[in-house]
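We're numbering straight along the sequence, starting at 1.
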Amino acid sequence: MAQILCRCCSFTTLHPSSLQRHLTQKPECRRVADLNLRQKQLQEAACHSTLKERAKHGSKRARSVSPSPSTLQDNENDGFEGHSFDDDFCSNSTPPIPKHARIEEIEDEEAFHERSPCFERYCREHHLQGASPYAPFDNESDWALARWLIHSGLSQGEIEKFLHLEKIKNSARPSFGTKRQFFAKIDSLPTGPKWRCEVFEVQGDKLGPNGKPLTEDVELWLRDPVECIKELLGNPRFKDHMSYQPKKVWTSNADGQPKSRVYSQMSAAATIAPIMLSTDKTQLSRFSGDKSAWPPGKNGIGILCADGNWHLVHPILAAYIANYPEQCLVACCKENRCPKCRVESDDLGADFRVHLHDPDGTKDLLREAVENGRTVSHPFWADMPFCNIFQLFTPDILHQLHKGVFKDHISTWCTEALNFSSQKCRESAIDDRLKVMPPHPSLCHFKKGISIISQWTGNEYKAMEKVFLGALIGTGGDKHVLGVMQAIVDFIHLAHYEQHTDETLVQLFESWQSFHDQKHVFVELGIRNDFNIPKIHAMHHYWEMIISHGTCDSVNTEATERLHIDFAKRGYNASNKRDYIPQMTQWLQRREAIFWFDSYLQWVEPGYTAEKTIELNQNSTTSLELGDIDIEEEDSPAEAAELEDLLQTVFYSIASKPPHPHLSVDNLTIPQGIDRNQFLSQLSLLIPFPTFCQLTLHLPAIPEISETGLIPARFDTVLVFRDLKPGDAPPLSPAPSDLAVARVHAIFRLPTTNFDTDVFSHPLAYVEWYTPLGRREDGHGLRRIKPSIHQHQRCTSIIPVTHIFRSCHLIPHFPRHVPPDWDMHNVLDKAPAFYLNTYLRHLDFVFFNPPGYNKY
């Protein structure tokens, strides 16, 4: 007897009566089966109608259509594997469609397959009801108000007060007058899989009066993972980002031949749905419910995907995202071992390769422990198909690199290695340098140093990594200390890449090797005896995991912890704090409904968009001083294919009306070291001119890193294209040698009545130059510059703003002891020399460390 498999879930049976009971108990499965039956009947009706017309009119326009395997499967099963739905549930059904090629006339076949099935169904229901696309809301503005109320963070009581405002009731006149009516409309929208609660038993480590461990019943709120997978694969918003067969991507050389393998985020294969799990550490020793294997991974399930076709999908566990203690718990190993490989605890600091753990060997050891009377939990992954849990543990940039390697170890060791008399003096030396560091919007400025910080955040770790190497220069320590810090910071920046090639993976390996080649300095200084630290050892697995699982950004614990803040904490705050978990699930469900309906409207209504628009600030009331320039930077939205075009132009935005339309030179405050006559000599005229306080630079997108967001800034050091005349276009593919560092002191336009607007069509910037970028200095790899002086005066120029490449950050070349009159506001005037900070943004790191460049 043929096996029957429900297409909507993983239910299997050999008896039609069991199938009928299953459909009765599972409304969703019955709905899918009914939908498949209706689609089949429509196809049959169309086919019979077409054949009838051909017989009547002798049409020669018919064409041969060979059904795809998925079509044949649909015709055979109608929602179930191995059994015909018609035979048991339709007594008056039409004869089955033959499996051989058939003749059809379908005029709008392409248009039909372009549409998402779930949206098509929802649209058809609205059409039959004669409702507008925005139903249950009256129109777009009514829906926009409802959407805003959901995302506003207002409590239910505040929403009720808002809806009762006279202005809202009489002017806006929404279709919902109370919060009850409002939430009723939201709850009527389609949404994702439903939440349900299961109760299981947890065994503690304390003993009760009877001498047995105490237990507690715990609620587990969950969704059916199969339904979540169906929701994701069927979501039309992901249609253009799905692949149903594996592929390799290569960069090409000038001849068009493959050059270097590209590694990006994990791509789904033809019938594989890679599942990524992320968990927090939880002691779960015994469940009260039944345990079962994961049949969908082995047998596959039929899923109607966003491309409009049914696919037999095998969901398998492909990645497990967790921090180190959780990985050790899942891997059934001690916390002084590697959860991935067999390295001994005394060899964690070595740089040689060790084989991964064997899942079968681990299960045998656990089985032996149970046989010997020990209480051992059965690992959840033991019965999963195609699952090697030790291969699935992913890199954890947040806990392993930012917090572990950099903050807890390397930065501490480097501070102890400074050539000062006491630890307090060493910490004070670092604090003094960080206090006077020039500000930049991409930096977190440590105004009081770092020695007083008791609780660190991920943003503070990252901010330290950008400037710590520069702060160590000039402290008189061993050069290998700088080399270790450079290698670690390089490794962290390379690990952040969102797209890797063979060359960048070589760079990652070389930075790791450089660390191991120079770490001996801490043993020689008496700071360390060994380096047997699991988080340092974990760096060894990074390039292997990138090749097998994709780049680290897609499997980082930082993303899931961010979701915990955004959803769990916000959902709790939206509740009344009593019996809050059901309220939190409802809060999440309503936001999913908003997201789903937004996606639907974008599909059904041409021109509709729910994206927020960012408007530039056109008005400024700040007083203008030379050297006090507000500049914004934002990423240009573009695909990687457009990179070459973006590199040809520097984009900028500026206020259409300058805040100071008639400012004269006499009204400008000249910073120390700048001669007013220098500025006048550049203009050659003493006339009022329009002056600006703000400039927005649009940075080109790159495939390695996507840094989005508009960040208002106050800075005045920039990278400028060298040797360009007004009207010249920047280089197509700029290199560091094409750039020079300058300090912007004013941005203005020349009056159109006095100058040729064709020549000076862009705003101008008055800049002060620094010496050309030299070679990287040994030990730390940074480039040293100093103010450019000619005849005892600083060299200045007036340049078009189109010659500005991007902002930059300068780290002062600190003496051994920071002068007491230096601060963050005057250090650019006081310091005699600087280092260009190539760690300011990942964008800068990629530019100054292109793929294939070897800095070691």
Side-chain angles (χ1 to χ4, degrees), residues 118-119 122-123 125-197 219 221 223 231 237 562-615 617-619 710:
C118 60
F119 285 178
Y122 192 76
C123 180
E125 292 174 357
H126 272 208
H127 180 72
L128 293 175
Q129 297 171 3
S132 73
Y134 295 95
F137 303 95
D138 289 348
N139 47 46
E140 183 176 359
S141 60
D142 197 46
W143 155 247
L145 177 59
R147 182 178 179 273
W148 178 84
L149 287 173
I150 285 292
H151 291 295
S152 65
L154 296 175
S155 66
Q156 295 191 18
E158 291 170 333
I159 291 177
E160 184 78 14
K161 294 178 181 178
F162 175 83
L163 294 176
H164 282 84
L165 292 175
E166 292 297 327
K167 188 70 173 179
I168 300 300
K169 290 193 300 183
N170 299 331
S171 298
R173 296 181 180 179
S175 60
F176 39 89
T178 64
K179 69 175 184 181
R180 184 179 298 276
Q181 295 174 357
F182 168 67
F183 286 116
K185 287 181 178 289
I186 297 296
D187 294 337
S188 68
L189 296 175
T191 185
K194 302 296 182 182
W195 290 88
R196 71 174 189 269
C197 178
E219 290 184 353
W221 285 80
R223 289 165 140 174
E231 176 72 17
R237 212 164 194 178
R562 182 73 253 174
L563 292 176
H564 179 265
I565 295 174
D566 290 344
F567 294 126
K569 292 187 177 180
R570 288 175 58 193
Y572 174 79
N573 291 334
S575 71
N576 61 9
K577 312 302 186 295
R578 297 187 302 272
D579 194 21
Y580 51 84
I581 294 183
Q583 299 176 54
M584 291 170 63
T585 59
Q586 188 179 46
W587 181 87
L588 285 170
Q589 199 99 18
R590 285 168 174 168
R591 272 148 186 79
E592 285 188 352
I594 295 292
F595 174 82
W596 191 97
F597 200 62
D598 262 338
S599 301
Y600 167 75
L601 291 175
Q602 292 178 33
W603 172 79
V604 76
E605 284 289 286
Y608 173 84
T609 177
E611 298 177 356
K612 295 181 180 179
T613 57
I614 300 176
E615 296 183 0
N617 181 16
Q618 300 292 332
N619 300 315
L710 187 67

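- The shortest non-hydrogen separation linking Lys169 to His164 is CE-O, 3.5 Å.
- Between Glu231 and Thr191, the closest heavy-atom pair is OE1-O, 4.4 Å.
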- Message: Trp143 vs Tyr608, test: side chain to side chain donor-acceptor pair (under 3.5 Å). Steps then yes/no.
- Response: CA-CA 12 Å; Trp143 155 247; Tyr608 173 84; 2.7 Å; yes
- Task: Go through Lys577 and Tyr572 one step at a time and tell me if the side chain to side chain contact (heavy atoms under 4.5 Å, CB included) criterion holds.
- Result: CA-CA 7 Å; Lys577 312 302 186 295; Tyr572 174 79; 3.4 Å; yes
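- For His127, the NE2 atom counts as loosely surrounded, since its 6.0 Å shell holds 12 or fewer non-hydrogen atoms of other residues, nucleotides or ligands.
- In terms of heavy-atom proximity, Pro133 sits nearest to Leu601 at O-CD2, 3.6 Å.
- Under the 4.5 Å side-chain criterion, counting only non-hydrogen atoms from C-beta, Arg591 is in contact with Trp587.
- Residues Gln586 and Trp195 have side chains not in contact (no heavy-atom distance under 4.5 Å, counting atoms from C-beta outward).
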- Would you check, one step at a time, whether the test side chain to side chain contact (heavy atoms under 4.5 Å, CB included) holds for Phe597 with Arg147? CA-CA 10 Å; Phe597 200 62; Arg147 182 178 179 273; over 6 Å; no
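- Side-chain atoms of Pro190 and Tyr600, non-hydrogen and from C-beta on, never get closer than 4.5 Å to each other.
- Counting all heavy atoms, side chain and backbone alike, Pro136 lies closest to Ser188 at CG-OG, 3.5 Å.
- For the atom pair Arg180 CZ and Gln156 CD, the distance stands at 9.5 Å (nearest 0.5 Å).
- Proximity of Tyr580 to Arg578: side-chain heavy atoms (C-beta onward) are nowhere separated by under 4.5 Å.
- In this structure a side-chain-to-backbone donor-acceptor pair under 3.5 Å is present from Gln583 to Asn576.
- The minimum heavy-atom distance between Phe137 and Ala146, with the atom names listed, is CE2-CB, 3.4 Å.
- Leu145 contributes atom CG, which lies 7.0 Å from atom CG of Leu163 (distance to the nearest 0.5 angstrom).
- Under the 3.5 Å distance criterion, the side-chain polar atoms of Asp142 are left unmatched by any main-chain donor or acceptor of Pro174.
- When side chains are defined from C-beta on, Ser575 does not count as touching Ile581, because their heavy atoms never get closer than 4.5 Å.
- Around the CZ atom of Arg173, the shell of radius 6.0 Å holds no more than 12 heavy atoms that belong to other residues, nucleotides or ligands.
- Counting heavy atoms from C-beta on, the side chains of Phe119 and Ser599 come closer than 4.5 Å.
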- Phe176 and Ile186: side chain to side chain contact (heavy atoms under 4.5 Å, CB included), yes or no, with the steps? CA-CA 11 Å; Phe176 39 89; Ile186 297 296; over 6 Å; no
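- Considering only heavy atoms from C-beta on, Leu154 comes within 4.5 Å of Trp148 through its side chain.
- Residue Arg590 holds its CZ atom at 8.0 Å from CZ of Phe182, rounded to the nearest 0.5 Å.
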- Task: Show the numbers, then the answer: is there a ring pair (Phe, Tyr, Trp, His ring centres under 6.0 Å) between Tyr122 and Trp596?
- Result: CA-CA 11 Å; Tyr122 192 76; Trp596 191 97; 5.2 Å; yes
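- Under the 4.0 Å criterion applied to side-chain N and carboxylate O atoms, Arg223 and Glu592 are assigned as salt-bridge partners.
- Between Lys161 and Glu158, none of the side-chain N atoms (NZ, or NE/NH1/NH2) sits under 4.0 Å from a carboxylate O, so this pair counts as no salt bridge.
- Here the closest heavy-atom approach between residue Leu189 and residue Ala593 is recorded as CB-CB, 4.0 Å.
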- Task: Please lay out, stage by stage, how Glu605 and Tyr134 fare under the test side chain to side chain contact (heavy atoms under 4.5 Å, CB included).
- Result: CA-CA 9 Å; Glu605 284 289 286; Tyr134 295 95; 3.8 Å; yes
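- Residues Asn139 and Ser132 fail the side-chain proximity criterion, which asks for heavy atoms closer than 4.5 Å.
- With rounding to the nearest 0.5 Å, the separation of CZ in Arg570 from CG in Leu588 is 10.0 Å.
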